[in-house]
Amino acid sequence: MDPIRFAIERPIAVVAAVLMAVLFGALALTRIPIQLIPDVRKPVIEIETNWAGAAPAEVEREIVNRQEEELKGLDGLETMISTSDTGRARVMLEFAIGTNMDRALLLVSNRLDRVTGYPDEANEPTLKTSGSDDNPIAWIILKRAAGNASQPMEHYGPFAEDVIKERIERVDGVATVNVYGGVDRELQVIVDPERLAKFRLTVPEVIEKLRRESVSVSAGNVDEGKRRYVVRVEGELDTLDAVREVVLRSGAARRRDGVSTDGGLADGGGLVGNAFGGAQASVGRVYVRDVADVRFGFKEPSARIRHKGEPAIAINAIRKTGANVITTMAGIRQALEDLRAGPLQEEGLTLTQVYDETVYIDGAIELVIQNIWIGGLLAALVLLLFLRSPRATLVVSLAIPVCIVASFVAMSALGRTLNVISLAGIAFAVGMVVDAAIVVLENIFRLRQAGMSAREAAYHGAAQVWGAILVSALTTVRVFIPVLVMELEAGQLFRDIGVAISVSVMLSLVVAVTVIPALSSRLLQ
């Protein structure tokens, strides 16, 4: 079937198709995720291991070297960069382009399970993939309200973790919420050096005893007839009294000269002596409560945050990949309002949002849209200046909104987002989509002046040049093929501009051989 002849003979169908394309384009525009720049997926895995209080040399020797030894033979690994800081080890693994990151993440996790000999105080390694979408879209400052001096600001860390973080993470589109500047609540055993020396104990002995007592292990099983009972030893220290009652030493100790001591026992444990001047020894059971005070407290802050000269806690929110930043930010604002009206008012705290990525996004998108309107109006003005026909200018100018709006359907189907890169491509396409329409209209106008009827001039005018405009469109699209298939960061970043221009140019070809002849046969009478 000849599409040009069909469009000329059935203009109502062409108008209906145009209206449907514009309608679906407007609908897709409301559903395309909006963000500042496209998502750039890096084939990078970051491993972080914390060891509080350790020097960089110790971190490198005890953690980094062990991890590098196991990770250096990974499939597809191109670069491995490690950094040893005070209390923290970071290993950055960069893989080849096209690597299956789910499989790579599993392999890295399995290799880390082989690493042994970590220090007892070191935490388990944590893994995360790196990308441009890791940048926070919002920063929030938590401070005390006027008149609230109940406790230091950093002690509100658990409140920020349990209440504020939990509420913001429930917002659709939020992936992670991080809290900085707070300290965790902990059980503290404050050792008295004098009492510790009285019972001839050392701090490492107390630590080792507490570590051995706070365990929950399997003790085997007991077979009784047809039944087997699993025996477990539950010894977790989960209360203050349980810690206080831990026995550090039990029974009588011996003097250095080998003679056992007796007598002189006071308060269940004490010091004894003899007439021969032997060394003193401890007798009886010694509990943690005898040498230390046990209480709940807060960790010492390793860093402090101040906002406008006042102590504060900083909170940021990171969006999910592909989430609409505008919608996500609206949900975060609503969550902040709910927190201000409830828990924060009860605790005497205030929340202030100090960074909002949507402010810059709205400004950038508004500027690009303004340029699109100005570019379209200037294109129509130039057409009117050279064609000197309002009807011909109207026919050509209709190609601009039809191609631009309909291109949003293809962008949504291809999973692209609306950002400054894609909008820049659309802005470039404003002046390109009228090229094919101008060529077709000029040829139709020439044949009309030669004496052909409006319908015949519209058909032959489009049929004679459709091959030329097809080659021109394919040439433009071919330029962007390397960008469309490139997997590097540059390709991922500029893929949206290639998709926007390529789709718009191909749509302009369809408009030029269908809509332009149909309108010309009616308007150029």
Side-chain angles (χ1 to χ4, degrees), residues 39-136 161 169 175-180 184 186 204 207-208 210-220 232-233 235-236 299 302-303 316 318 320-321 486-492:
D39 292 326
V40 178
R41 300 179 182 272
K42 302 177 183 178
V44 172
I45 295 178
E46 181 180 333
I47 306 168
E48 184 172 329
T49 310
N50 293 321
W51 181 13
E58 296 175 323
V59 172
E60 181 182 14
R61 182 178 64 253
E62 300 295 335
I63 296 179
V64 173
N65 291 342
R66 300 173 190 268
Q67 293 177 346
E68 288 181 342
E69 189 66 25
E70 293 292 340
L71 297 172
K72 63 183 181 182
L74 282 171
D75 294 338
L77 180 63
E78 292 188 345
T79 306
M80 179 165 54
I81 302 174
S82 61
T83 305
S84 301
D85 298 325
T86 301
R88 184 178 64 175
R90 295 177 60 188
V91 179
M92 191 79 68
L93 306 176
E94 184 175 349
F95 293 85
I97 298 297
T99 301
N100 187 336
M101 294 307 295
D102 293 334
R103 179 175 177 272
L105 200 61
L106 180 60
L107 291 176
V108 171
S109 178
N110 292 339
R111 291 292 184 94
L112 288 177
D113 290 339
R114 302 181 190 176
V115 181
T116 58
Y118 284 128
D120 295 334
E121 296 80 8
N123 298 332
E124 290 292 328
T126 58
L127 304 178
K128 73 172 183 177
T129 56
S130 178
S132 63
D133 53 316
D134 293 334
N135 297 325
E161 292 277 353
E169 283 186 339
T176 307
V177 175
N178 300 309
V179 179
Y180 301 96
D184 295 329
E186 65 179 1
I207 295 175
E208 180 62 26
L210 289 173
R211 183 178 289 116
R212 287 190 301 173
E213 290 293 330
S214 183
V215 293
S216 179
V217 297
S218 176
R232 288 188 59 83
V233 176
E236 294 184 355
K299 295 181 179 179
S302 58
N316 67 21
I318 299 175
K320 294 179 181 177
T321 302
M486 187 183 299
E487 294 294 336
L488 296 176
E489 293 183 31
Q492 298 180 50

Taking atom [atom1] of [X] and atom [atom2] of [Y], what is their separation to the nearest 0.5 Å?
X	Y	atom1	atom2	answer
Arg61	Ser84	CZ	OG	11.0 Å
Glu94	Glu78	CD	CD	6.5 Å
Met92	Arg90	CE	CZ	5.0 Å
Glu46	Leu127	CD	CG	10.0 Å
Arg111	Ile47	CZ	CD1	11.0 Å
Leu105	Asn110	CG	CG	10.0 Å

What are the two closest non-hydrogen atoms of [X] and [Y], and how far apart are they?
X	Y	value
Ala122	Ile63	CB-CD1, 4.2 Å
Glu121	Trp51	CB-NE1, 3.7 Å
Tyr180	Asn316	CE1-ND2, 3.6 Å
Ala89	Val59	CB-CG1, 3.3 Å
Ile81	Thr79	CG1-CG2, 3.8 Å
Phe95	Ile45	CE1-CD1, 3.8 Å

Note, [X] side chain near [Y] side chain (heavy atom, < 4.5 Å):
X	Y	value
Leu71	Leu112	yes
Leu74	Met80	no
Asp85	Pro56	no

key: CD (Glu124) with more than 12 external heavy atoms under 6.0 Å   = no
note = Contacts satisfying side-chain hydrogen bond (donor to acceptor under 3.5 Å, both in side chains) that involve residues 62-71 (not counting sequence neighbours) are Thr49-Gln67, Glu62-Arg66, Gln67-Tyr118, Glu68-Ser82, Glu69-Lys72
